[in-house]
Amino acid sequence: MVTVISLGGSIVAPDNVDTDFLKNFTDLIRSFIEIKPAAGQDSGRHFIFVVGGGGPARSWQSAYRKVMEDKESKNEEADWIGITATRLNAQLVKAVMSEWCSQDVVTNPMEVGPLTSHVLIAAGWKPGFSTDYIAVQLAERFGADMVINLSNIEKVYTADPKKDPTARPLDKISWAEFRSMVGDDWVPGKNVPFDPIASRHAEKIGLKVICAGGKDLENIRKILKGEDFTGTTICAKG
């Protein structure tokens, strides 16, 4: 069984690296990897983590735009800055999970080989989308039926709750409704629950995405066990 998790940089490194989170999250993943598979089953649970850029990406992108304020800043350059931050964070997660991860960090989902270990770590690829899109591509490549998107929000809202006091949380929403909320364009550092480019491809291939808070480890455990959880499910029909 392959589980794909888009691991938001906002929980790995909101500003600096959250070492307590990494320790506790690694222990959680260990508890699933070490479950012995039943007779006749494959080698057990496999995880693919696609790691975002978090605070470092936002800081360096902001610095770039500030320096370029009297000139024209370019989205492609800002994207490459963010991609570099994802690769640093991904290398850290790989090192923390090295006992289960023998493969190099994936930076191109179109060239990834077969899974040869329990954990595979991926990072940003190229400009034009976020790491959410990489998660969708890898879910398609390895036959996962969903992506678990862990970030600093517990649920998708009908609007930005920081700007709209009438915004309400959603347990479930269709791809059509979700995409009408987030639009179709990607801008580096765009603050949406799930990347618009990733959303378009997820809808196309019929993938389900669960958006949930990344710091609530007990809730993540429930998601991984298929139990009732707190979060928002995005799928073909809301």
Side-chain angles (χ1 to χ4, degrees), residues 1-13 17-19 21-37 41-54 56-57 82-126 128-151 194-195 197-198 201-202 205-212 214 217 220-221 223-226:
M1 178 181 181
V2 177
T3 300
V4 179
I5 296 180
S6 184
L7 190 58
S10 60
I11 56 175
V12 174
V17 175
D18 189 335
T19 54
F21 165 76
L22 281 178
K23 289 177 183 177
N24 294 330
F25 185 73
T26 300
D27 287 342
L28 173 64
I29 298 306
R30 181 192 305 277
S31 70
F32 282 90
I33 289 176
E34 293 183 348
I35 295 175
K36 300 297 183 182
Q41 292 184 348
D42 65 12
S43 57
R45 197 80 173 249
H46 298 270
F47 289 91
I48 298 174
F49 298 107
V50 187
V51 188
I83 288 166
T84 302
T86 73
R87 293 179 179 181
L88 178 61
N89 288 341
Q91 199 66 45
L92 171 62
V93 175
K94 179 187 182 303
V96 170
M97 298 188 178
S98 59
E99 62 182 297
W100 315 302
C101 181
S102 58
Q103 295 172 261
D104 292 337
V105 170
V106 173
T107 56
N108 184 342
M110 301 305 178
E111 295 180 354
V112 62
L115 284 174
T116 58
S117 56
H118 281 288
V119 169
L120 181 69
I121 308 294
W125 177 19
K126 61 183 180 179
F129 39 77
S130 77
T131 48
D132 292 339
Y133 181 69
I134 312 302
V136 171
Q137 287 284 348
L138 291 173
E140 183 178 22
R141 162 71 175 82
F142 290 103
D145 62 358
M146 73 173 180
V147 167
I148 302 170
N149 181 53
L150 301 179
S151 69
F194 203 68
D195 168 2
I197 309 304
H201 195 65
I205 64 176
L207 189 69
K208 178 172 71 174
V209 170
I210 291 174
C211 294
L217 296 180
I220 296 171
R221 186 189 303 276
I223 296 173
L224 295 176
K225 293 178 70 174

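Note that the structure is a prediction, hence the values are computed from the model and not measured.
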Peer 1: Stepwise, does the side-chain contact (heavy atoms from CB on, under 4.5 Å) test hold for M146 with V209?
Peer 2: CA-CA 5 Å; M146 73 173 180; V209 170; over 6 Å; no
Peer 1: Do E140 and H201 meet the criterion of a side-chain donor-acceptor pair at a distance under 3.5 Å?
Peer 2: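 E140 vs H201: donor-acceptor pair found between side chains.
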Peer 1: Between I33 and H118, what is the shortest heavy-atom contact and its length?
Peer 2: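 Where I33 meets H118 most closely, the heavy atoms are CG2-CG, 3.8 Å.
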Peer 1: Can you tell me how far the CG atom of L224 sits from the CD1 atom of I29, to the nearest 0.5 Å?
Peer 2: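 Rounded to the nearest 0.5 Å, the CG-CD1 separation comes out at 6.0 Å.
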Peer 1: Between F129 and I134, is there a side-chain heavy-atom distance shorter than 4.5 Å?
Peer 2: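 In short, these two side chains touch, coming nearer than 4.5 Å.
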Peer 1: Tell me whether Q103 contacts the main-chain N or O of G113 through its side chain, where contact means a donor paired with an acceptor under 3.5 Å.
Peer 2: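 Checked: no pair found.
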Peer 1: Taking side chain as C-beta onward, heavy atoms only, is I148 less than 4.5 Å from V4?
Peer 2: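 Contact flag for I148/V4 side chains = no.
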Peer 1: Answer yes or no: is there a side-chain heavy-atom contact under 4.5 Å between P56 and L88?
Peer 2: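 No, their side chains stay 4.5 Å or more apart.
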Peer 1: So do R221 and K225 actually touch side chain to side chain, heavy atoms under 4.5 Å?
Peer 2: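 Result yes, sub-4.5 Å side-chain heavy-atom pair found.
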Peer 1: Could you check if a side-chain atom of L207 sits within less than 4.5 angstrom of a side-chain atom of V136, using non-hydrogen atoms only?
Peer 2: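 The answer is yes; the side chains approach within 4.5 Å.
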Peer 1: For A135 and S6, work out which heavy atoms get closest and say how close.
Peer 2: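 So the minimum-distance heavy-atom pair works out to CB-CB, 4.0 Å.
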Peer 1: Decide yes or no on ring pair (Phe, Tyr, Trp, His ring centres under 6.0 Å) for Y133 and F194, but give the supporting numbers first.
Peer 2: CA-CA 9 Å; Y133 181 69; F194 203 68; 9.9 Å; no
Peer 1: I83 versus T107: any side-chain heavy-atom pair under 4.5 Å?
Peer 2: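 SC-SC contact between I83 and T107 ruled out.
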Peer 1: I'd like to know if the side chain of D195 reaches the main chain of S130, judged simply by a donor and an acceptor atom lying under 3.5 Å from each other, with no hydrogens or angles considered.
Peer 2: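 Yes, D195 side chain to S130 backbone: donor-acceptor pair under 3.5 Å.
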Peer 1: Rounded to the nearest 0.5 Å, how far does CZ of F25 lie from CZ of R30?
Peer 2: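 Spacing of CZ (R30) from CZ (F25) equals 13.0 Å.
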Peer 1: Applying side-chain hydrogen bond (donor to acceptor under 3.5 Å, both in side chains) as the test, list every pair that has at least one member in residues 84-93; sequence neighbours left out.
Peer 2: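 Those involving residues 84-93 do not exist here.
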Peer 1: Who are the side chain to side chain contact (heavy atoms under 4.5 Å, CB included) partners of N108, not counting sequence neighbours?
Peer 2: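 Checked N108 against side chain to side chain contact (heavy atoms under 4.5 Å, CB included); matches are M110, E111, W125.
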Peer 1: Report the residue from V51, T26, V50 that forms a side-chain contact (heavy atoms from CB on, under 4.5 Å) with V93.
Peer 2: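 The passing option is V51.
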Peer 1: OG of S117 to CE of M97: how many Å apart, nearest 0.5 Å?
Peer 2: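 Result: 12.0 Å between the selected atoms.
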Peer 1: So F47 and L120, side-chain contact (heavy atoms from CB on, under 4.5 Å) or not? Walk me through it.
Peer 2: CA-CA 6 Å; F47 289 91; L120 181 69; over 6 Å; no
Peer 1: If every non-hydrogen atom of T131 is compared with every non-hydrogen atom of A123, which pair is closest and at what distance?
Peer 2: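 Smallest heavy-atom distance, with atoms named: CG2-C, 4.0 Å.
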Peer 1: Quick one: pull up CG in D145 and CD1 in I205 and give me the separation to the nearest 0.5 Å.
Peer 2: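 It is 10.5 Å, given to the nearest 0.5 Å.
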Peer 1: Return the CG to CD1 distance between L150 and I11, rounded to the nearest 0.5 Å.
Peer 2: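 Spacing of CG (L150) from CD1 (I11) equals 5.0 Å.
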Peer 1: To the nearest 0.5 Å, how far apart are CH2 in W100 and CD in E34?
Peer 2: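 The CD atom of E34 is 7.0 Å from CH2 of W100, to the nearest 0.5 Å.
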Peer 1: Over all heavy atoms of both residues, which pair between G128 and I197 is shortest? Give the atoms and the distance, please.
Peer 2: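 Closest approach of G128 to I197: O-CG1, 3.5 Å.
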Peer 1: Do V119 and H46 pass the side-chain contact (heavy atoms from CB on, under 4.5 Å) test, and can you show the C-alpha distance, the side-chain angles, and the key distance before you say yes or no?
Peer 2: CA-CA 6 Å; V119 169; H46 298 270; over 6 Å; no
Peer 1: Is K94 close to F49 at the side-chain level, that is, under 4.5 Å between some pair of heavy atoms?
Peer 2: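 Contact flag for F49/K94 side chains = no.
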Peer 1: side-chain contact (heavy atoms from CB on, under 4.5 Å) between L28 and I220: does it pass, once the steps are laid out?
Peer 2: CA-CA 9 Å; L28 173 64; I220 296 171; 3.7 Å; yes
